[in-house]
Amino acid sequence: MAPIRRLVLDVLKPHSPSTVKFARNVADASGVVGVNAILLETDREVQNIRLVTEGEAIDADEVERRISDLGGTVHSIDEVVAGEQTVEPRDQPQDWLPP
Amino acid sequence: MAPIRRLVLDVLKPHSPSTVKFARNVADASGVVGVNAILLETDREVQNIRLVTEGEAIDADEVERRISDLGGTVHSIDEVVAGEQTVEPRDQPQDWLPP
Amino acid sequence: MAPIRRLVLDVLKPHSPSTVKFARNVADASGVVGVNAILLETDREVQNIRLVTEGEAIDADEVERRISDLGGTVHSIDEVVAGEQTVEPRDQPQDWLPP
Amino acid sequence: MAPIRRLVLDVLKPHSPSTVKFARNVADASGVVGVNAILLETDREVQNIRLVTEGEAIDADEVERRISDLGGTVHSIDEVVAGEQTVEPRDQPQDWLPP
Amino acid sequence: MAPIRRLVLDVLKPHSPSTVKFARNVADASGVVGVNAILLETDREVQNIRLVTEGEAIDADEVERRISDLGGTVHSIDEVVAGEQTVEPRDQPQDWLPP
Amino acid sequence: MAPIRRLVLDVLKPHSPSTVKFARNVADASGVVGVNAILLETDREVQNIRLVTEGEAIDADEVERRISDLGGTVHSIDEVVAGEQTVEPRDQPQDWLPP
Amino acid sequence: MAPIRRLVLDVLKPHSPSTVKFARNVADASGVVGVNAILLETDREVQNIRLVTEGEAIDADEVERRISDLGGTVHSIDEVVAGEQTVEPRDQPQDWLPP
C-alpha cells in the first residue's frame with residue numbers, strides 16, 4: 001500500500017511526561033523525519049495536543065504505540081497524507097460560512 | 001476527454017477501516033500520485049472525511065470503487081480539476097459577505 | 001479583440017451528468033488548458049457549481065455551448081480576464097467592512 | 001506626468017453587452033496589457049463590475065471612453081498606481097477594527 | 001537623517017482634480033518611484049484617499065506641497081518607513097482581538 | 001532522542017528585567033540560534049510573554065533554567081518541534097468554526 | 001549577550017515632532033538599518049504609534065533615548081528578536097478563538 005507521508009493526531013495525555021518528551025520520542029519512530037506538537041487545551045488532569053508527524057514512509061503503528069507507551073490516547077485521526085507526493089487539503093466555500 | 005488532475009470528495013465512512021487505511025488504499029488507484037484525507041466530523045456510527053486525490057490522469061471510477069469497497073459512500077463531489085494544467089478555484093467577493 | 005485568458009461562470013446543472021463529466025467536457029473546448037469546478041450548493045433537483053476555465057485564448061462561445069449541451073445554464077459571468085497578460089482582481093477596503 | 005500602471009474602476013453597465021465583451025474591448029485600449037473584470041452585483045437592469053486595467057502607460061481617457069461607448073458609467077475610481085514602479089496599497093490597523 | 005522609503009498619507013481632496021491626476025502628480029515628486037492611491041470614502045463634497053508613496057529618498061515636503069497645491073489636505077500620516085532598508089509593520093495579537 | 005528545533009513557551013515574568021533582557025539571555029542558551037518574544041498581556045505586577053526559541057538542538061532544560069533565573073515562570077509549553085526536519089502545525093476545519 | 005535584531009515599541013508622542021521626524025531620527029540609532037512607524041491612534045494631545053526597528057545589533061538604549069529626546073514615551077515593549085538568526089512569532093490556536 002502507498003506510504004504515509006503525514007499523520008495528524010489529536011492526543012490526550014497526562015501532564016507528565018511533558019510535551020517535549022512526547023515530541024522527541026515520537027520523532028524517533030521509524031520513517032518519521034520530524035514532529036510538531038501544539039497544545040490545544042489543558043485542564044487539571046490531562047492535556048490535549050495535536051501531533052503532526054511527517055516523513056517518507058511513516059510507521060503509523062509505531063507512532064501510535066509510542067503514544068500509548070507514554071500514557072497518551074489517540075482521540076482522533078485528523079489528517080492523513082499517503083502516496084508518492086504530498087497533497088494538501090482543500091478548503092470548500094462552505095467551510096467559512098456560518099452554519 | 002481531458003484528464004482529471006484533482007478530485008475532492010466528501011465521504012461518509014464507518015469508523016473502521018481507519019482513515020489511514022482509506023487514504024493509503026485510494027492512493028493506490030490508477031493515475032493517483034497522492035491523497036489527503038481530513039476528518040470533518042465524527043459521530044458514534046460514521047465519520048465524515050474530505051478526500052483529496054491528485055495525479056496526472058486520475059481514474060475517477062476506480063477511486064469511487066475503492067471507496068465503496070472499503071464501506072464508504074461519496075456524499076458529494078466538491079471539486080474537480082481537468083485538463084493539461086491545474087487551475088485553482090476563484091473566490092468571489094460575495095463569498096465572504098454575510099448572507 | 002483581446003484574447004480571453006480566464007472565464008469564471010456560475011452554473012446551474014442537473015445532478016447528472018456529474019461535475020466530473022462537466023469539467024472534463026469543458027476542458028476540451030478550444031483554447032482551454034484547464035478547468036476547475038467547485039460545488040457551491042446542492043439541492044434535490046439542481047447543483048450550483050463555479051466553473052473556472054483558463055487558457056491563452058478561450059473560445060467563450062464554445063464553453064457556453066458545451067455547458068448548455070450538458071444541460072447546464074450559465075447563471076452569471078463572475079470574472080473575465082482578457083489581454084496579453086493575466087491581471088488579478090483587486091480587493092477594496094469596503095469589501096471587508098460590514099454593510 | 002508619471003505614467004499610469006494600474007487603474008481600478010467601479011463600473012455600472014447594462015446586461016448587454018456582456019462582461020466578456022467589456023473586458024476584451026477595454027483590453028484593446030492603448031497602453032493596456034490586461035484587464036480583469038469581476039461581477040460585484042447584479043439586478044434587473046444593471047450590473048456593477050470592478051474593472052482592473054494594468055499596463056506600462058495606460059491611456060485613462062481611452063479606457064473611460066471605451067466604457068462609455070459600451071453603455072457603461074464609471075461610478076468611482078477605486079485605485080490608481082502611477083510612476084516608474086508598481087506600488088501596492090497598505091492596510092492600516094483600523095481597517096480591520098469594527099467601526 | 002535617514003532617508004524616507006515609504007510614506008502613507010490619509011488625504012482629503014475635492015472631487016476634482018481626479019485621483020488619477022493626484023497620483024500622477026505626486027509620483028513626479030523628487031525621490032518618488034511610484035504612488036498608489038485607493039479610495040476610502042466618498043461623499044458629496046470630498047473624497048478620502050490613502051496615498052502610498054515609495055522611493056529611495058522621498059522628499060516628504062514636496063509630496064505634501066503637491067497635495068496641497070492640488071487642493072488636498074493631509075489628514076494623518078499613517079505609516080513611515082525610514083533607513084537603509086525597508087522594514088514592514090508588525091501585527092500584535094491584540095490587533096485582532098475584540099476591544 | 002530526536003533534537004528539539006523549536007520550543008514555544010508561555011511565560012509569566014515580573015516587569016523587570018525587561019523583555020529585551022529576557023530574549024537576549026535565553027538566546028545565549030546552548031543550541032539556540034534565535035529568540036522571539038512577544039507581549040501577550042500586561043498588568044500591574046506581571047507580564048505574560050510568548051517566547052519562541054529556534055535552533056538545531058535546543059537545550060530545553062537550560063532554556064527553562066534561564067527563564068527561572070530571571071524570575072520568570074513557564075505557564076505552558078505551547079509548541080514543540082523535534083526531529084531532523086522542521087514540521088509546521090496543521091489547522092483543522094474545526095479550528096475556525098464557532099464552538 | 002545575543003544581539004537584538006528587531007525591537008517593536010508602542011510609543012506615545014506629542015503631535016509635533018511628526019512621525020516622519022521620529023522614524024528618521026530613530027533610524028539613525030547605532031545598529032539600526034530601518035524603521036517602520038504606523039499610527040495606531042490619535043487624539044487631541046497625543047499620538048500612539050508602533051515603532052518597528054530592525055538591524056543586526058540594535059542599540060536598544062540609544063533607541064529609547066532618541067524616543068525620549070523627541071518627547072515620546074515607551075508605553076510597552078511589544079516584540080523582541082535576539083540571536084544570530086531572526087525568529088518569527090508563532091500563533092496559537094487560542095489566539096483566534098473568542099475569549
Side-chain angles (χ1 to χ4, degrees), chain A residues 1-12 26 29-33 35-36 38 40 48-68 73-99, chain B residues 5-10 13 15-43 47-56 58 63 66 70 75-81 86 88-99:
Chain A
M1 269 203 297
I4 306 172
R5 308 181 76 83
R6 184 190 292 147
L7 192 62
V8 182
L9 302 172
D10 192 52
V11 171
L12 288 171
V26 173
S30 169
V32 172
V33 299
V35 167
N36 182 297
I38 58 167
L40 293 177
N48 181 200
I49 61 174
R50 183 178 295 146
L51 214 59
V52 182
T53 52
E54 293 190 345
E56 302 280 302
I58 299 170
D59 183 333
D61 291 333
E62 188 185 341
V63 166
E64 298 206 28
R65 198 167 52 242
R66 283 173 178 264
I67 289 168
S68 85
T73 323
V74 175
H75 177 254
S76 60
I77 301 174
D78 285 353
E79 185 181 345
V80 180
V81 177
E84 297 154 48
Q85 284 175 24
T86 296
V87 171
E88 297 301 328
R90 306 289 306 162
D91 285 348
Q92 291 305 117
Q94 55 268 34
D95 286 350
W96 57 80
L97 283 178
Chain B
R5 308 181 77 84
R6 184 189 293 147
L7 191 63
V8 182
L9 302 172
D10 193 52
K13 64 178 274 295
H15 284 261
S16 166
S18 73
T19 305
V20 171
K21 203 159 216 167
F22 250 81
R24 296 182 77 180
N25 191 310
V26 172
D28 285 335
S30 170
V32 172
V33 299
V35 166
N36 182 297
I38 57 168
L39 180 66
L40 293 177
E41 242 188 316
T42 192
D43 67 24
Q47 289 188 309
N48 181 200
I49 62 174
R50 183 178 294 146
L51 213 60
V52 182
T53 51
E54 293 190 346
E56 302 280 302
I58 300 169
V63 167
R66 282 173 179 265
L70 290 161
H75 177 253
S76 60
I77 301 173
D78 285 352
E79 185 181 344
V80 180
V81 177
T86 296
E88 297 301 327
R90 306 289 305 161
D91 286 348
Q92 290 306 117
Q94 56 268 32
D95 286 350
W96 56 81
L97 284 177

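In what follows, every chain begins at residue 1, and chains take the letters A, B, ... in the order their sequences are listed.
Of the listed residues B:L51, B:V33, B:I38, the one with more heavy-atom pairs under 4.5 angstrom with chain A than any other is B:V33. Comparing B:V32, B:V8, B:N25, B:D28 by how many heavy-atom pairs each has under 4.5 Å with chain A, the most go to B:D28.
Residue B:D91 holds its CG atom at 9.0 Å from CG of A:D91, rounded to the nearest 0.5 Å. Atom OG of residue A:S76 and atom CD of residue B:E41 lie 12.5 Å apart, to the nearest 0.5 angstrom.
Put simply, the side chain of B:L39 does not reach to within 4.5 Å of the side chain of A:E79, judged on heavy atoms. Inter-residue side-chain proximity for B:V20 and A:L7 is flagged as met; some heavy-atom pair is nearer than 4.5 Å. Taking 4.5 Å as the limit, some side-chain heavy atom of B:S18 sits within range of a side-chain heavy atom of A:I77. Within the 4.5 Å cutoff, no side-chain heavy atoms of B:V52 are placed close to those of A:E88.
Put simply, the side chain of B:R24 never gets that close to the backbone of A:A82: no donor and acceptor are under 3.5 Å apart. B:N36 contributes no side-chain N or O that, together with a main-chain N or O of A:V81, makes up a donor-acceptor pair within less than 3.5 Å.
Contacts of A:R5 with chain B are absent, with no heavy-atom separation under 4.5 Å from either backbone or side chain. With a 4.5 angstrom heavy-atom cutoff, B:V26 does not touch chain A via any of its atoms. Contacts between B:T19 and chain A at a heavy-atom distance below 4.5 Å involve backbone atoms as well as side-chain atoms.
Around the NE2 atom of A:H75, the shell of radius 6.0 Å holds no more than 12 heavy atoms that belong to other residues, nucleotides or ligands.
Note on A:R90 versus B:E54: no salt bridge recorded, every NZ/NE/NH1/NH2 to OD/OE distance being 4.0 Å or above.
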